[in-house]
Structures are given as structure tokens and as C-alpha cells.
Amino acid sequence: MTAYSHEKSRALFERAAKVIPCGIYGHFSPAPLIPPSDYPFYAESGAGSRFVDVDGNSFIDYMCAYGPMVLGYAHKKVDAAAAKEHKKGSCLSAPAPVMVELAEYLVDLVFGMDWAFFAKNGNDVTTYAVMVARAATGRKKVVAIKGGYHGVAPWTQGLGHHGVLEEDCGHILRIAWNDFDAFASLVEKHPGQIAAFIASPYHHPVYADNQYPAPGYWQKVQKLCNQKGIVLIVDDIRCGFRLNMAGSHVFFGFEPDLVCFCKAIANGYPISALMGKGALLTDAAKVFYTGSYWFSSAPMAAALATLAELKRINGPELMLAFGEKLCKGLAETAKSHGYDLKVSGAPSMPYLRITDDPSQMLHQKWCGLCTSMGAYFTSHHNWFVSTAHNETDLTDTLKIADRAFEMLKKEKR
Ligand SMILES: Cc1ncc(COP(=O)(O)O)c(C=O)c1O
């Protein structure tokens with residue numbers, strides 16, 4: 001196994017740095033890819049579970065475009081459905097019938113939800129959800145989780161980030177994940193002032209172990225929200241359709257008022273959705289919210305095809321089975337070299353970390369080595385598997401991981 005080289009990636013980045021802020025910004029920024037010399041910066045193509053970078057290196061992809069890829073890149077059924085719709089005209093002066101079909105499909109699919117609203121990105125719908133909650137309750141405050149990510153709008157980035165004002169997030173109250181008592185105290189401290197509680201179905205921060213809800217946590221949160229007229233928003237943007245086709249709230253056994261979807265909904269085509277209970281339909285309708293491309297019909301056709309295929313093959317079960325084998329295999333490989341690899345979160349979107357490595361330098365080194373030999377691992381973020389990952393991928397990945405641990409040991413790390 002020889003390490004990949006990245007001449008073309010680097011040359012593109014140098015050009016980009018002169019004409020694009022950051023060169024590559026946001027979640028694709030190379031900043032957390034450590035050491036950067038092990039990572040490609042630009043991709044050329046993707047097929048199934050793998051992508052090829054601009055230097056011709058092939059990677060088994062465990063980031064899946066940070067979540068949108070769920071059935072495999074260049075999926076024939078999804079691409080055909082999108083292309084058929086696109087040919088008719090995807091951006092016309094009125095919505096296409098597929099918008100109604102998709103809303104009806106989602107209302108049938110997702111448990112407890114009566115309507116669907118479409119936008120492009122996750123941030124669009126988390127922000128809309130907060131606006132709907134405020135419109136419905138006439139209240140200002142929103143309770144969120146420390147380390148929880150809901151997009152790039154100033155209210156969710158928080159104070160301390162460039163360009164964010166105190167006023168933008170003055171009514172956002174952050175508490176620790178799984179701390180029901182902290183939520184109850186805020187409700188008591190701000191009577192009749194809390195519009196919404198927003199959180200992902202389980203806690204998946206960066207650079208830290210992911211955490212499932214404690215037994216009874218969601219049920220207690222739901223009960224208090226219902227008692228106090230607080231809108232319960234689930235940000236299912238990362239987990240949605242990966243844990244359960246009916247929504248991750250079904251996986252964890254509770255009933256929210258609003259659910260935000262994006263990422264896996266259309267296998268990479270740009271679309272997000274806010275779904276809600278019937279009681280919030282009129283308030284949702286009152287909030288003015290739109291975007292130039294939000295009615296594009298090709299991504300809607302792609303979403304219908306993606307969801308139908310995920311349902312047909314029982315995607316969440318397939319991903320769980322592969323994820324379990326992957327995590328078990330990696331942990332055993334680590335152990336055979338004397339390392340302890342801790343896995344947290346759902347096995348189909350696991351966060352891994354080498355323990356006894358508080359600076360995370362060892363883990364970064366190992367992820368970088370694996371990437372430089374063809375298994376694309378990041379060290380700061382949870383990974384994703386797709387339904388396209390197969391036994392060959394697993395065998396190849398475990399061989400690469402084995403070699404990388406061997407190299408770590410040789411370096412006496
Ligand atoms: C849980 C969660 N919420 C919201 C978002 C924001 O989505 P987007 O980047 O599409 O705006 C993300 C993106 O990673 C996410 O993981």
C-alpha cells in the first residue's frame with residue numbers, strides 16, 4: 001500500500017485561495033483534516049461507496065459527503081428520476097406536481113407529521129422551524145443543546161463567531177445534552193417565555209463522543225413541552241432516514257411537533273424539508289419564507305426515488321448491519337495492535353476515537369494514514385455509511401486500518 005499524492009488538489013487549492021474566501025469554506029474546509037498532507041481537497045467523481053479525487057486516487061468513502069450520500073454515488077434510479085424531471089424543466093414559474101406528491105409521500109412515511117415544507121439546506125428548515133415556533137407561541141426564547149449544530153444562521157452559530165451579534169442569539173438558551181433538570185429549571189425561570197426546544201435525536205457533536213438519550217429523557221422533554229405549550233423541534237438533518245424511515249423520533253420513541261430533514265432525503269440532490277403536526281399548519285403558513293430554487297422539481301423527484309428505494313431495501317437496517325461489522329472489525333484490529341478504539345453513536349454513523357489520547361493527535365494520525373491508503377476517515381466528525389458499502393469495502397478497509405495501526409506502532413506512538 002503506497003500513500004497517495006495530491007499535486008492537482010494542492011494546485012487547485014492555491015488557485016482557490018486567491019479567489020474564494022478560505023479557498024474551501026465551511027464543513028469541507030481542510031482545517032480539521034489533520035495532517036492535511038494525507039487528505040485530498042478536490043473530488044473528480046463518485047460511484048457507489050467510493051469517490052475518486054482529482055489526482056486519480058480512489059477512496060472508500062466513510063463521510064458520504066457529510067451525510068447526503070445514502071444509496072451510493074451516481075445511483076441509477078435516483079439519477080434517472082431527477083433527469084426525467086429536469087428534462088421537463090426543473091425551475092419554472094410555478095411549482096410542479098411532484099411537490100405535492102413528495103409532501104403526500106412524506107406525510108404517509110414520517111410518523112405523526114401532517115405537512116411538509118421544502119427548502120434547500122438544513123439551516124433553512126431549522127431556522128424556519130424556530131420562526132414557526134415563535135409565530136405559534138408569541139414567545140421569544142429557544143432552548144438548545146451546548147455543542148448542538150443546527151446550521152450557520154447567527155442564532156445557531158452563537159456569540160463569539162465572526163459576524164454574529166448579541167441580538168442574534170440573545171434568546172437562545174443552551175443547556176447540556178441529557179440534562180432534563182436544566183430544561184425544567186429554565187422553564188421555571190422563564191414562565192410563558194419559551195417558544196421551542198430544539199435538539200438532534202441524539203447528541204452528535206464534533207471532537208467528542210456521541211451520546212444517545214438517557215432512558216426516559218425524550219419522553220420527559222416531550223411531556224414538559226406539551227404541558228407548557230413549548231414547540232418540540234427535532235433536528236433530524238443528520239440522522240433522518242438513517243435510523244428509521246418513519247423518523248428518528250420513532251427510533252427513540254417520542255413525538256415531536258416539528259421535524260427537520262435534509263442530508264439523506266435525496267441522495268445528494270439539494271432539498272430539505274420541515275415537517276409538522278397539523279396544529280402548527282396555520283402558523284407555518286403565516287411565516288413568509290422562500291428561496292429562488294426551493295421549488296426546483298428535479299430534487300423533489302430525486303427525493304421520492306431515494307425514499308422509495310431506501311424503504312424497499314430497508315436502508316436503515318442494511319446500514320446498521322454494515323456499520324456494526326465495520327465498528328467491530330476496526331475495534332478488533334485496534335486491539336490486536338494494543339490500541340483501544342472507542343465507538344459511540346449509531347453504528348451506521350459512528351464517532352470513533354482512540355482512547356488514552358486526550359490531544360487526539362494519535363487518532364488524527366491514524367485517520368490520516370487510513371485516508372492516505374484509501375479509507376476516507378476524518379478524526380473530528382462522526383462518519384457515515386451508506387447502503388452501497390459492501391463486503392469488499394469492509395475487507396479493504398480493515399486491511400488498511402491494520403496497516404495504519406502497524407505504522408503507528410512502528411513510529412512508537
Ligand atoms: C444536525 C444538523 N443540523 C443542521 C445542519 C445544517 O445543515 P446545512 O449545512 O444543510 O444547512 C447540519 C449540517 O451538518 C446538521 O448536521
Side-chain angles (χ1 to χ4, degrees), residues 22 24-29 31-33 62-70 117-133 142-158 161 164 169 172 174 177 196-208 210-213 218 232-244 247-249 251-252 256 258-275 289-294 296 299 302-303 306 344-346 348-351 378 380-386:
C22 264
I24 304 173
Y25 42 81
H27 63 299
F28 278 179
S29 160
L33 304 176
Y62 288 102
M63 291 312 291
C64 294
Y66 285 74
M69 189 277 268
V70 65
F117 176 103
F118 303 109
K120 286 286 136 209
N121 291 294
N123 181 80
D124 298 334
V125 289
T126 53
T127 298
Y128 180 49
V130 165
M131 289 173 78
V132 171
V142 173
V143 178
I145 303 299
K146 285 180 193 157
Y149 183 72
H150 304 296
V152 289
W155 71 267
T156 154
Q157 288 209 34
H161 288 87
V164 177
C169 35
I172 309 297
R174 296 257 177 189
W177 169 251
F197 177 96
I198 183 167
S200 48
Y202 75 86
H203 193 42
H204 42 53
V206 285
Y207 298 105
N210 289 191
Q211 291 174 59
Y212 267 13
W218 270 123
L232 178 52
I233 306 169
V234 170
D235 176 346
D236 211 1
I237 282 161
R238 205 178 298 179
C239 303
F241 310 118
R242 276 198 153 82
L243 300 185
N244 192 299
S248 304
H249 51 288
F251 189 82
F252 290 115
L258 295 171
V259 184
C260 310
F261 291 109
C262 185
K263 305 267 186 203
I265 194 172
N267 204 42
Y269 286 84
I271 183 165
S272 58
L274 179 69
M275 298 194 68
Y289 207 59
T290 187
S292 294
Y293 301 106
W294 290 9
S296 302
T306 301
S344 58
S348 49
M349 34 186 291
Y351 177 79
T378 63
H380 65 297
H381 197 285
N382 71 271
W383 305 347
F384 298 89
V385 302
S386 73

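We count residues from 1, following the sequence as given. Every number for a ligand or one of its atoms is a count from 1 in the order of the listing.
- Taking the six-membered ring where the residue is Trp, the centroids of His381 and Tyr66 are separated by under 6.0 Å.
- The distance from ligand 1 to the heavy atoms of Ile237 drops below 4.0 Å at these ligand atoms: 2 (C), 3 (N), 4 (C), 5 (C), 12 (C), 15 (C).
- In terms of protein heavy-atom proximity, atom 7 (O) of ligand 1 is closest to Gly122 CA, 3.3 Å.
- Of all atoms in ligand 1, listed by their number and element, those nearer than 4.0 Å to a heavy atom of Asn123 are 6 (C), 7 (O), 8 (P), 11 (O).
- Between Phe261 and Phe241, a ring centre-to-centre spacing shorter than 6.0 Å is recorded.
- Between Tyr289 and Trp294, a ring centre-to-centre spacing shorter than 6.0 Å is recorded.
- The heavy atom nearest to atom 14 (O) of ligand 1, out of those in Arg238, Lys263, His27, is found in Lys263.
- Side-chain N/O atoms of Ser248 and Asp236 include a donor and acceptor closer than 3.5 Å.
- There is no protein heavy atom less than 4.0 angstrom from atom 9 (O) of ligand 1.
- Here Tyr202 and His204 bring their ring centres to under 6.0 angstrom of each other.
- Close contacts between ligand 1 and His204 involve ligand atoms 1 (C) [criterion: under 4.0 Å to a heavy atom].
- Contacts between Tyr149 and ligand 1 below 4.0 angstrom, taking non-hydrogen atoms only, involve backbone and side chain alike.
- The ligand atoms of ligand 1 that sit less than 4.0 angstrom from a heavy atom of Asp235 are 1 (C), 2 (C), 3 (N), 4 (C).
- Taking both residues in full, the closest heavy atoms of His203 and Gly148 are given as CE1-N, 4.0 Å, listed atom of the first, atom of the second, then distance.
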